[in-house]
2 protein chains.
Amino acid sequence: MKPKTSQRTAIESVFNQSSQPLSVDEILARGREMVSTLNQSTVYRNLKLLVEQGWLKQIHHPERGTLYERRDKTHHHLFHCRVCNRVFDLPGCVLDPSKTLPSGFIIEEHEVFLSGVCRDCSD
Amino acid sequence: MKPKTSQRTAIESVFNQSSQPLSVDEILARGREMVSTLNQSTVYRNLKLLVEQGWLKQIHHPERGTLYERRDKTHHHLFHCRVCNRVFDLPGCVLDPSKTLPSGFIIEEHEVFLSGVCRDCSD
DNA sequence: GTCGTTGCAAAGCCTTTGCAGGGAA
DNA sequence: TTCCCTGCAAAGGCTTTGCAACGAC
């Protein structure tokens, strides 16, 4: 049976307590608030496991690098403002379901990054 | 005035002769067929320049890492087949123009990665 | 007791940078 | 001649791995 260590539990609760995608450093820092000896390698190893198990997914953010978030979050896309450099979660999906692919192709996943100018910077 | 070196010319013609996104190693290998002394740092430096000038764009491919392609190619998205692991260019855009964002947000760019099962593997 | 997990340190990619020499205008 | 660019080697991030000790079952 797979041992449930305090380290893995800590990493999981970091994600359960955050609604935003997190970087490895952020996961490590927050995890250490619960298990002070938490090591970076342990974080990497568990992230890899959790991604393989499908509990987490990786996001490749053009500015912030690799981020992680829970796979079962409500569907959304990320919007990056080139002016203020902030990242926003936008609800819903911008894919057009009526656009057809060449026949035979089956879409299972999609990752969309929008960028431009946000609400506050477009005045 | 900005010198046009044989190295930069070689890198540009690599892209003019390829219709697919290329990795740094591929660019280096093909560039060396034209300028045998071409160095990896030179490739990195010129890629960075060409991206800043808007001639190239970077793609963050989940499997193959960072790829580069000309920005003025016909609009398309990449599709990655999880079975055979190949990457396809799919013509057209799957974004739904009628989907509205929260007001004030202006989309200037978007990057879409589709993945699933391709034509050949879905039989 | 057994086997997976952790911490630590070292090694591995990929990418950037410092510096001296070389090439374009 | 004057800069910018190149090649080389070294350094920097981020991520993975080997190994011995530890912890869950």
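We name chains A, B, ... by the order of the sequence lines, and we start the count at 1 in each one.
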Trainee: Any salt bridge between A:Arg70 and A:Glu12, counting N to O under 4.0 Å?
Mentor: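 No, no charged N to carboxylate O under 4.0 Å.
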Trainee: How long is the straight-line distance from NE2 of A:His77 back to CD1 of B:Ile107, given to the nearest 0.5 Å?
Mentor: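 Taking CD1 in B:Ile107 and NE2 in A:His77, the distance rounds to 9.5 Å.
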Trainee: Does the separation of the ring centres of B:Phe79 and A:Phe105 fall below 6.0 angstrom?
Mentor: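 They qualify: ring centres under 6.0 Å apart.
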Trainee: In whole Å, I'd like the distance from the CD atom of B:Gln7 to the P atom of D:dC8.
Mentor: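 That distance rounds to 11 Å.
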Trainee: If you look only at pairs with a residue in residues 25-40 of chain A, which of them pass as a salt bridge (charged side-chain N to carboxylate O under 4.0 Å, His left out), with sequence neighbours excluded?
Mentor: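 Every pair satisfying salt bridge (charged side-chain N to carboxylate O under 4.0 Å, His left out) with a residue in residues 25-40 of chain A: A:Glu26-A:Arg64.
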Trainee: Between A:Phe113 and A:His60, is the ring centre distance below 6.0 Å?
Mentor: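 Between A:Phe113 and A:His60, the centre distance exceeds or equals 6.0 Å.
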Trainee: Output the rounded distance in Å from CD (A:Glu12) to C1' (C:dT5).
Mentor: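 Those two atoms, CD and C1', are 14 Å apart.
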Trainee: Rounded off to whole Å, could you give me the NZ-to-P distance for the B:Lys4 and D:dC5 pair?
Mentor: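 Interatomic distance, NZ of B:Lys4 to P of D:dC5: 11 Å.
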Trainee: Measure distances between side-chain N and O atoms of B:Arg45 and base N and O atoms of D:dG7, and say whether any donor-acceptor pair falls under 3.5 Å.
Mentor: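 Yes.
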Trainee: What integer distance in Å separates B:Tyr44:OH from D:dG12:C1'?
Mentor: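 Computing the B:Tyr44:OH to D:dG12:C1' distance gives 13 Å.
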Trainee: Let me check the geometry of the helix from C:dG1-D:dC25 to C:dA25-D:dT1. What is the bend angle between the axes at its two ends, five pairs each, to 10°?
Mentor: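 For the helix from C:dG1-D:dC25 to C:dA25-D:dT1, the axes at either end differ by 30°.
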Trainee: For the pair made of NZ in A:Lys48 and P in D:dT17, what is the distance, rounded to whole Å?
Mentor: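 The distance from NZ of A:Lys48 to P of D:dT17 comes to 5 Å, rounded to the nearest Å.
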Trainee: Using a strict heavy-atom distance below 4.0 Å, which residues from residues 28-43 of chain B are in contact with DNA chain C?
Mentor: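 Contacting residues: B:Gln40, B:Ser41.
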Trainee: According to a strict under-4.0 Å criterion, is A:Thr66 in side-chain N/O contact with OP1 or OP2 of D:dT15?
Mentor: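 Yes, because at least one side-chain N or O of A:Thr66 sits under 4.0 Å from OP1 or OP2 of D:dT15.
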